[in-house]
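One structure is given below, encoded as structure tokens.
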Amino acid sequence: MPQVHLDTIPIWDAYKLDTECTLCALEDACEKQFLDIALGGAMMEPDTRIATNERGFCSRHFEQLFGAQNKLSLALMTHTHLKDVMAGLSKESAALLKALDAEQKRNPVARAASGVTKASPFHKQLAASADYVEGRMHSCFICERIENTMDRYIETVCYLYKKDEAFRKAFAESKGLCLKHYPMLLRGAGKHLSGQTQLDFVRTLIELEQKNLERTEHDLEWFTLKFDYRNQSKPWGNSQDSVERTINKLRGACVGDLKIPEE
């Protein structure tokens, strides 16, 4: 069961916002929190340093950390992460060089005839070394923590829908979700709900998403039609920010300003 007091409050705060995707608002708030943690006092805590040394940061979060203008904290953290990467890479390089040397010592005639097959120890180590480096480069301390927190929030949304009639009403009257978070909530329904509650939730979610995608499409179409001279004198309605709202609806919040729940 969710941590009711810790997790339901930010969910409720997000659903009180006039936003195209409540989960985008929550995710953005999570991201800001973990960026602060990465550069704040928690950076010096052993558990945090071990995690940042092992995981590092993706390019997006390195860019945001660099823009925070706390170069000393970033330099210290990046230095120990680099040393951890170098240590791991050194082990992989040693293993790969050992396999390479063994391959070179094979019978030259046999090697010339067969080449280096995919089943050879050298080829397997080559793939393993490449996978290791790619794995290190695809990990991110902040991304992993956001993902874990969002999983918990999705569980809490399902919990509130099941237990709280007022929340069911707020959920049904919201503007739905972006297409990044929509499937996450569908999967959450399959995992955290059952019986008639699950069926009601999924039906409500489908209808909510369809209705709000149609609203978004209507606003975007009117935005384009406003450039026709025959429509210049007609009101914009809700279409003036429809381009950014549509992009955010399709891909998750990435352009324009978000309304974020206050801490």
Side-chain angles (χ1 to χ4, degrees), residues 2 6-39 57-68 138-158 160-161 167 170-189 204-224 236-263:
L6 293 178
D7 289 348
T8 61
I9 292 173
I11 296 291
W12 265 114
D13 287 344
Y15 271 90
K16 290 174 184 177
L17 297 172
D18 182 28
T19 179
E20 291 291 340
C21 178
T22 50
L23 292 181
C24 276
L26 285 163
E27 187 172 298
D28 192 78
C30 286
E31 184 175 59
K32 287 180 170 61
Q33 176 187 358
F34 289 123
L35 285 166
D36 288 343
I37 288 172
L39 289 178
F57 302 96
C58 65
S59 56
R60 166 184 164 82
H61 289 128
F62 255 133
E63 179 184 13
Q64 290 177 310
L65 291 166
F66 186 80
H138 290 162
S139 64
C140 177
F141 170 82
I142 292 174
C143 285
E144 289 183 12
R145 274 147 184 76
I146 291 173
E147 183 178 350
N148 291 338
T149 304
M150 293 305 296
D151 285 345
R152 200 176 72 232
Y153 281 152
I154 287 168
E155 180 183 0
T156 306
V157 168
C158 293
L160 284 170
Y161 187 90
F167 180 79
F171 181 85
E173 293 176 353
S174 71
K175 291 184 175 180
L177 302 165
C178 69
L179 293 182
K180 170 187 172 184
H181 289 119
Y182 177 63
M184 293 169 64
L185 207 50
L186 287 175
R187 290 193 181 94
T204 300
L205 181 57
I206 291 171
E207 293 174 351
L208 182 65
E209 197 68 9
Q210 289 177 335
K211 179 180 72 174
N212 283 286
L213 286 173
E214 289 170 2
R215 171 183 56 81
T216 303
E217 187 275 331
H218 178 269
D219 290 346
L220 185 62
E221 181 183 32
W222 183 238
F223 179 89
T224 64
W236 283 91
N238 294 321
S239 69
Q240 283 185 300
D241 64 345
S242 61
V243 176
E244 51 263 52
R245 284 193 292 107
T246 302
I247 293 170
N248 291 338
K249 202 74 167 175
L250 288 168
R251 294 293 180 177
C254 56
V255 296
D257 294 325
L258 274 176
K259 296 177 180 179
I260 305 303
E262 296 294 333
E263 293 294 329

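Please read all numbers here as calculations on a predicted model, not as lab measurements. By convention here, the first residue in the shown sequence is residue 1.
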query = So which heavy atom on Cys58 is nearest to which on Cys140, and how close?
reply = N-SG, 3.2 Å

query = Closest heavy-atom contact between Cys24 and Gly252?
reply = SG-CA, 3.8 Å

Cys143 side, atom SG; Arg60 side, atom CZ - distance, nearest 0.5 Å = 8.0 Å

key: Close aromatic pair by centroid cut-off 6.0 Å: Phe167 and Tyr15   = yes

remark   = Shortest non-hydrogen pair, Ala172 vs Leu208, comes out as O-CD1, 3.4 Å

message = Donor-acceptor check, side chain of Lys249 to backbone of Glu20, threshold 3.5 angstrom: yes or no?
response = yes

key: His61 side, atom NE2; Phe34 side, atom CZ - distance, nearest 0.5 Å   = 10.5 Å

key: Gap separating the CD1 atom of Ile154 from the CG atom of Leu23, nearest 0.5 angstrom   = 6.0 Å

key: Point-to-point distance, once rounded to the nearest 0.5 Å, from CG of Leu220 to CD of Glu244   = 10.0 Å

request  = Would you please test Trp222 and Asn238 for side-chain contact (heavy atoms from CB on, under 4.5 Å) and show each step?
outcome  = CA-CA 9 Å; Trp222 183 238; Asn238 294 321; over 6 Å; no

message = Measuring from atom CD1 of Ile11 to atom CD of Glu155, what distance do you get when rounded to the nearest 0.5 angstrom?
response = 10.5 Å

task = Give a yes or no on whether a salt bridge exists between Lys32 and Asp36, defined as a side-chain N under 4.0 angstrom from a carboxylate O.
result = no

ask   = Stepwise, does the side-chain contact (heavy atoms from CB on, under 4.5 Å) test hold for Gln33 with Arg145?
value = CA-CA 10 Å; Gln33 176 187 358; Arg145 274 147 184 76; over 6 Å; no

key: pair Glu209-Leu177: side-chain heavy atoms closer than 4.5 Å   = yes

message = Just so I know, are the side chains of Leu26 and Pro10 near enough to count as touching, which here means a heavy-atom distance under 4.5 Å?
response = yes

ask   = Without hydrogens or angle criteria, can the side chains of Arg245 and Asn248 be said to hold a donor-acceptor pair below 3.5 Å?
value = no

task = Report the relative orientation of the aromatic rings in Trp236 and Phe223; use parallel for angles under 30°, tilted for 30 to 60°, perpendicular for over 60°.
result = tilted

ask   = What's the spacing between Thr22 OG1 and Trp12 CH2 if we round to 0.5 Å?
value = 11.5 Å

task = Verify the neighbour count for atom CG of Asp241: are there more than 12 heavy atoms of other residues, nucleotides or ligands below 6.0 Å?
result = yes

message = When you measure from the side chain of Glu27 to the backbone of Ile146, do you find a donor-acceptor pair of N or O atoms at a distance under 3.5 Å?
response = no

key: Residue that, paired with Lys175, satisfies side chain to side chain donor-acceptor pair (under 3.5 Å) out of Asp18, Asn212, Thr216   = Asp18

remark   = Scanning both residues in full, the closest heavy-atom pair of Cys158 with Ala189 reads SG-N, 4.0 Å

inquiry  = A side-chain contact here means heavy atoms from C-beta on lying under 4.5 Å apart; do Phe171 and Leu205 qualify?
reply    = yes

ask   = If every non-hydrogen atom of Ser239 is compared with every non-hydrogen atom of Asp219, which pair is closest and at what distance?
value = CB-O, 3.1 Å

